[in-house]
Amino acid sequence: MKYWLMKSEPDEFSIDDLQRCTEQKTAWQGIRNYQARNFLRDQVSINDLVLFYHSSCKVPAIVGLAKVSQPAQADSSAFEPSSPYFDLKSDPNAPRWVEVELTFIAKFVNQISLKQLKADVNLADMMLVTKGARLSVQPVKESEFNYILSLCEH
DNA sequence: GCCAACGTTGGC
DNA sequence: GCCAACGTTGGC
């Protein structure tokens, strides 16, 4: 069992959108960064747990929990010319980008803001709060994950 | 909207 | 393979 943090702009796709999806599942498409892609492709496994993070919004925060319900497969949006994620260089015979499927688990009543995360000495080493951590798919240590969940339950 | 910090591209 | 120019992310 591994733990991840995945970012989404709530204007594009929020935790509420995930909860409203059919069967509360969605294809996590549009990752166009090689380091993030490599995590998705090589390390993210079915049943891994995912902290859902809202970025580029008024209060950036960890807002909920999801799980990986399907492992990596070709990101079909890369082949759709009408998609904002279209990538001419992704060959269907050798897909450059991958997607996973996420399933909603919970929306946190106590959302943990970036400000709060940064101020917490217990999370000083968390990738999200280290300088310049722009990765949209990040590994989270088990200790960090459990600690964050404990904050959300307060 | 600004801009720092990264990431990518492409000429050489 | 270097690196300048350009593009993107994302907090503020």
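Numbers restart at 1 for each chain; the letters A, B, ... are given by sequence-line order, proteins then strands.
Although no hydrogens or angles enter the test, the distance criterion places a donor-acceptor pair under 3.5 Å between the side chain of A:Q138 and the main chain of A:L135.
If you measure from atom CG of A:N33 to atom P of C:dT8, you get 13 Å, rounded to the nearest angstrom. Here the C1' atom of nucleotide B:dT8 and the CD1 atom of A:I31 are 17 Å apart, to the nearest Å. The distance between atom NZ of A:K7 and atom P of B:dC6, rounded to the nearest whole Å, is 12 Å. In this entry the distance linking CZ of A:R134 with P of B:dA5 reads 11 Å, nearest Å. At whole-Å resolution of the value, CG in A:L88 and P in B:dT8 are 18 Å apart. Rounded to whole angstrom, the span from the CZ atom of A:R32 across to the C1' atom of B:dC6 amounts to 19 Å. Here B:dG7 presents its P atom at 7 Å from CG of A:L135, a figure rounded to the nearest Å. The distance from atom CD of A:E12 to atom C1' of C:dT8 is 14 Å, rounded to the nearest whole Å.
For A:Y53, a side-chain nitrogen or oxygen approaches OP1 or OP2 of C:dG11 to under 4.0 Å.
Nearest nucleotide to the A:K89 side chain, out of B:dT8, B:dG10, C:dC12: B:dG10. Closest to the side chain of A:Q35, from the set C:dG10, B:dG7, B:dT8, is B:dG7.
Donor-acceptor pairing under 3.5 Å is lacking for the side chains of A:E23 and A:T103. For the residue pair A:R32 / A:S77, a side-chain donor-acceptor distance below 3.5 Å is found, with atom types taken as modelled.
At a threshold of 4.0 angstrom between heavy atoms, the contacts of A:K118 are confined to the sugar-phosphate backbone, with no base atom among them.
Applying side chain to side chain contact (heavy atoms under 4.5 Å, CB included) to A:K118 and the options A:V129, A:T130, A:L123 leaves one that passes, A:V129.
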